[in-house]
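See below for the structure under consideration.
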Amino acid sequence: MIKVLFICLGNICRSPTGEGVFDALIKSEGLGDLISVDSAGTAAYHVGEPPDSRSQAAALRRGIDMSHQKARRVRADDFVEFDYLMAMDHDNLNNLLAICPPGLEHKIHLMLDFAEGVEERSVPDPYYTGGNGFEVVLDLIENASQGLLGDIRDKHL
Ligand code: 4NP
């Protein structure tokens, strides 16, 4: 089993979207028994909460139900348990590197390093900006999810 963890700041907007989009993708590809997906936040502000209602609504318009998800914080054993730790932005990446046990840094990636034809490297945080930010998050994550799945297929399947 290849285990993928999506990480943002609050675990209520971007990383739950990563979890929802990637889970739908692997299931549509018949890979649900080979790849598992989870998400977490670097901060604890929203622990125990479901994804932001705006994120849920945007995902649902694309057929993805995230209502069962609950926010949690990244923990030390995530670096051992998961094969891919996918940071949504540079702050998340730096925060993960700061707490990563020595020797496991290679598991941490910037999500948009797997996206194609996209200049930005950070998925913009839509929490305070709102607007079409939730659609932008979905577009970027759908794009990068294809590249991530390609990487997993190349290296592990
Ligand atoms: P996320 O968005 O990191 O994509 O889940 C945020 C959600 C909440 C906060 C910040 C970012 N907050 O400061 O409460």
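As the structure lists them, so they are numbered: ligands from 1, and atoms in each ligand from 1. Quick note: residue numbers are just sequence positions, from 1.
- Residue-ligand proximity, Cys13 to ligand 1, at heavy-atom distances under 4.0 Å covers atoms 1 (P), 2 (O), 4 (O), 5 (O).
- Because its NZ or CZ atom is both nearer than 6.0 Å to the ring centre of Tyr127 and within 45° of the ring axis, Arg54 counts as a cation-pi partner of that residue.
- Every atom of ligand 1 with a heavy atom of Ile12 under 4.0 Å away is listed here by number and element: 5 (O), 7 (C), 8 (C).
- When each atom of ligand 1 is checked for a heavy atom of Gly10 under 4.0 Å away, the hits are 1 (P), 3 (O), 5 (O).
- Asp89 and Asn92 share a side-chain donor-acceptor pair at under 3.5 Å.
- Counting heavy atoms closer than 4.0 Å to ligand 1, residue Asn11 contributes backbone atoms (N, CA, C, O) but none from C-beta onward.
- Of the heavy atoms in His46, only side-chain atoms (C-beta onward) come closer than 4.0 Å to ligand 1.
- If you number the atoms of ligand 1 from 1 as listed, the ones under 4.0 Å from a heavy atom of Leu9 come out as 3 (O), 10 (C), 11 (C).
- In this structure, the protein non-hydrogen atom closest to atom 13 (O) of ligand 1 is Tyr128 OH, 3.2 Å.
- Among protein heavy atoms, atom 1 (P) of ligand 1 sits closest to Cys8 SG, 3.4 Å.
- Contacts between Asp125 and ligand 1 below 4.0 angstrom, taking non-hydrogen atoms only, involve the side chain exclusively.
- For the pair Phe114/Met86, a side-chain contact is recorded, criterion being any heavy-atom separation below 4.5 Å from C-beta on.
- Considering only non-hydrogen protein atoms, atom 9 (C) of ligand 1 sits nearest to Tyr127 CD2, 3.6 Å.
- Annotation for Asp154: atom CG counts as buried by contact number, over 12 foreign heavy atoms lying within 6.0 Å.
- Under the 6.0 Å cut-off for aromatic ring centres, Tyr84 and His106 do not qualify, their centroids lying 6.0 Å or more apart.
- Without hydrogens or angle criteria, Ser55 side chain to Pro51 main chain gives no donor-acceptor distance under 3.5 Å.
- With respect to Lys3 and Asp38, no salt bridge is recorded, no charged nitrogen being found less than 4.0 Å from a carboxylate O.
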